[in-house]
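Convention: sequence-line order gives letters A, B, ...; per-chain numbering from 1.
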Number of protein chains: 2
Amino acid sequence: MSQNPDPNSPPAEAQDTKDRLIEAGMAVFAERGFADAGLREICAQAGANPAAVNYHFGDKQRFYTEVLATCHQRAASHRPVPRIADDPDRPDVVLGRFVRWFLELLLVSSENDYLGRLMAREMVSPSPSLLEMVRRSLLPIKAVLEEILRALLPPDVDDQTLGLCFASTISQCLFYKHNQPVFQAMERIRATGREDERLQAEFPDRNDLDELAEHITRFALAGLRAAGYETDHR
Amino acid sequence: MSQNPDPNSPPAEAQDTKDRLIEAGMAVFAERGFADAGLREICAQAGANPAAVNYHFGDKQRFYTEVLATCHQRAASHRPVPRIADDPDRPDVVLGRFVRWFLELLLVSSENDYLGRLMAREMVSPSPSLLEMVRRSLLPIKAVLEEILRALLPPDVDDQTLGLCFASTISQCLFYKHNQPVFQAMERIRATGREDERLQAEFPDRNDLDELAEHITRFALAGLRAAGYETDHR
DNA sequence: GACCGATTCAAACAGATGTTTCAATCGAGC
DNA sequence: GCTCGATTGAAACATCTGTTTGAATCGGTC
C-alpha cells in the first residue's frame, strides 16, 4: 500500500505506467463506460499488465475514481466556463456562449479532455462514482447556468420555474450526446438502398455545432421569456 | 426448431412458459437493459429453467428481439398517440397532449406497457436491436410530432429547422427519463445531514407530470415561434 | 557486488455469464 | 398401454470478467 517513502527518488518508470494507465483508462472508459470497459483492453492500450491496475490503484473501482479525478483537474484548466460576470449586460449573449461551450464539452473529442464524455456516460449508466461526479462537476455547471438564467428571467422567479428552465435548456444540449446511437441508426436507415455518399458523416463538424448552438440558444431564449412571463402573471 | 405442426393442439403449458418468459423479460430488460439483464434472473422470475430460453428462442439476442416485438404490438393498442387530425384547428393543444402522452410513456410504470422504458434504455445503451426499434417505434413517433410541429411553424420551413425543432421539443421530455440517476444523486446530496422526510419521493407523481407537461409545452411553443420567425426572415 | 524494496509479468483463480447436453417428464394418438 | 415428439430440468461447459499469486526484474544503497 505505502509507496516509496522518499519523495526525492521517484522510480521513474513506475510513475510512467501509472500515468499511461490513467491515460488509457480515460479513453476506454469514455468510449465504453465503466462496466463495459475491460481492464485487459485498457492495459493493452497502456502497454501494461492487468495486475498493474490492482498494484497501483487497488481495484477497478478505485482506478476509475482516480481517472475521473484526473479528468476533472485537467478539464478545469481547459475551456473555462462562460459566466454571467464576463458580460453582465448581455445575458442572452452569455447564454449563447454557455450553450456553445457545453455542446463542445460533450461532443468535440479532444485528446486531453475526456470529462464531457465521461460525464455523459455516467449520467445515463451510473457507476458508484456518480454521486461524486455530480457533486464535483455537474452541480457547479448547474449553478453557472442557473446564474445566467436568473439574469434572463424576472427577478422574482421561484426555484421550481428556474429548475424547469434549467432542464429545458440543458436537455437540448444533452440530447445530441445521449442519442448519438439513434442518429447513426436513423442515418443507416435513410441510406438504405443508395450505397453512395459517405455513409456516416462524422456528426458534429464545426458548422453543425455553430448552427446547433445558435438554434438552441434562440429556442431557449424564447422559451425563457414565455416561462418567465407566465410566472409573473400566475 | 419446428414447433408443433398441428395448430389445433397447443401443448398448453408450453405456450405458458414462453409467455411467462416474455413477460419476465420485459420487466427485467426494461429495468437493467439488454446487456446487464441476466437470463438466470429472468428465468427465476418466470419460474423457468435457463435452458428454456434457448429452447424457445434460440439465444438471448433473439429472445430480446421477441420481447421488443411483443412490447411493440401491445403498446400500439394502449394509449394511442395524439395526432394533429384529432384537433386540426388547435395544433398548440395537440402539442400539449403529445408532450403529456410521451412523458407518460417514458415515466409512468405500467404492468402491461414497457415500451417506453425499453425504448429509453435502447437509445442510450444500444443493442443489436436498436435499428429495428428505431424503424418500428421511434420513426413513427418522430413523424407524428413533426406533423404537429409543421402546423405550428411557417408553411415553408426547411427540413433542417424542422429537425432542430423536433430535437428541441422531444429532448425536454427524454431528459427526465435519461437523467433519473442524476436526479436521485442530487436528491441524496441535498438531503445530506437532515435524515428526516422521505429520502426519495417517487419522482413523477400525477401533479409533477402535469406541471412538467405544461412547462415543456409552453417553453416549446415559444421556441417554435422564434425558430419559425427567424427562418422566415433569414 | 550483494542486498532490498519497489515494480513487472505470466499464470492461475474465483465468479458470473450465455449456452449445451442429455436424461427425465409430459401429453396426445395409434 | 405404449410410443413418440415436444418440453422441462439439473448439471456441466466454455468463455469472459476482475483479482490474486509468486517468481522474475529493475534500480539504487551500503
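- Taking side-chain N and O atoms only, B:Asn49 has no distance below 4.0 Å to OP1 or OP2 of D:dT8.
- Residue-level contact check: B:Ala35 touches neither bases nor backbone, having no heavy atom under 4.0 Å from any strand.
- Candidate nucleotides C:dT19, D:dT19, D:dT20 were compared by shortest atom distance to the side chain of B:Asn54, and C:dT19 ranks first.
- The side chain of A:Tyr55 sits closest to C:dT8 out of C:dT21, D:dT19, C:dT8.
- Protein atom NZ of A:Lys60 is 16 Å distant from nucleotide atom P of D:dC16, rounded to whole Å.
- In this structure, the salt bridge (Lys or Arg N to Asp or Glu O under 4.0 Å) partners of A:Arg32, at least two apart in sequence or on a different chain, are A:Glu41.
- In this entry the distance linking NZ of B:Lys18 with P of D:dT7 reads 9 Å, nearest Å.
- Using a 4.0 Å heavy-atom cutoff across all strands shown, A:Ala52 reaches no nucleic acid atom at all.
- Annotation: A:Phe175 is in aromatic contact with A:Phe183 [ring centroid separation under 6.0 Å].
- Taking atom CZ on B:Arg32 and atom C1' on C:dA16, their separation rounds to 14 Å, with Å as the unit.
- Residues B:Phe102 and B:Tyr176 keep their aromatic ring centres 6.0 Å or farther apart.
- Checking D:dT8, D:dT19, C:dT17 against the side-chain heavy atoms of B:Arg40 singles out C:dT17 as nearest.
- For B:Phe63 and C:dT17, the CZ to C1' distance is 15 Å, given to the nearest whole Å.
- Distance, A:Phe57 CZ to D:dG18 C1': 15 Å, rounded to whole Å.
- Nearest to the side-chain atoms of B:Asp59 among the listed nucleotides C:dT7, C:dT19, D:dG18 stands C:dT19.
- Remark: P of D:dC16 and CG of B:Asp36 are 18 Å apart, rounded to the nearest angstrom.
- Applying the salt bridge (Lys or Arg N to Asp or Glu O under 4.0 Å) rule to A:Asp59 yields the partners A:Arg62; only residues at least two apart in sequence or on another chain are considered.
- Residue A:Thr17 places at least one side-chain N or O under 4.0 Å from the OP1 or OP2 atom of C:dT8.
- The interatomic distance linking A:Glu41 (CD) with D:dT15 (P) rounds to 20 Å, in whole Å.
- Note on B:Glu187 versus B:Arg190: salt bridge recorded, some NZ/NE/NH1/NH2 to OD/OE distance being below 4.0 Å.
- In this structure, the nucleotide among C:dT19, D:dG18, C:dT21 sitting nearest to the side chain of A:Leu39 is D:dG18.
- Atom CZ in B:Arg20 sits roughly 13 Å away from atom C1' in D:dG9 (whole-Å rounding).
- Between A:His56 and C:dT8 there is a side-chain polar atom (N or O) within less than 4.0 angstrom of OP1 or OP2.
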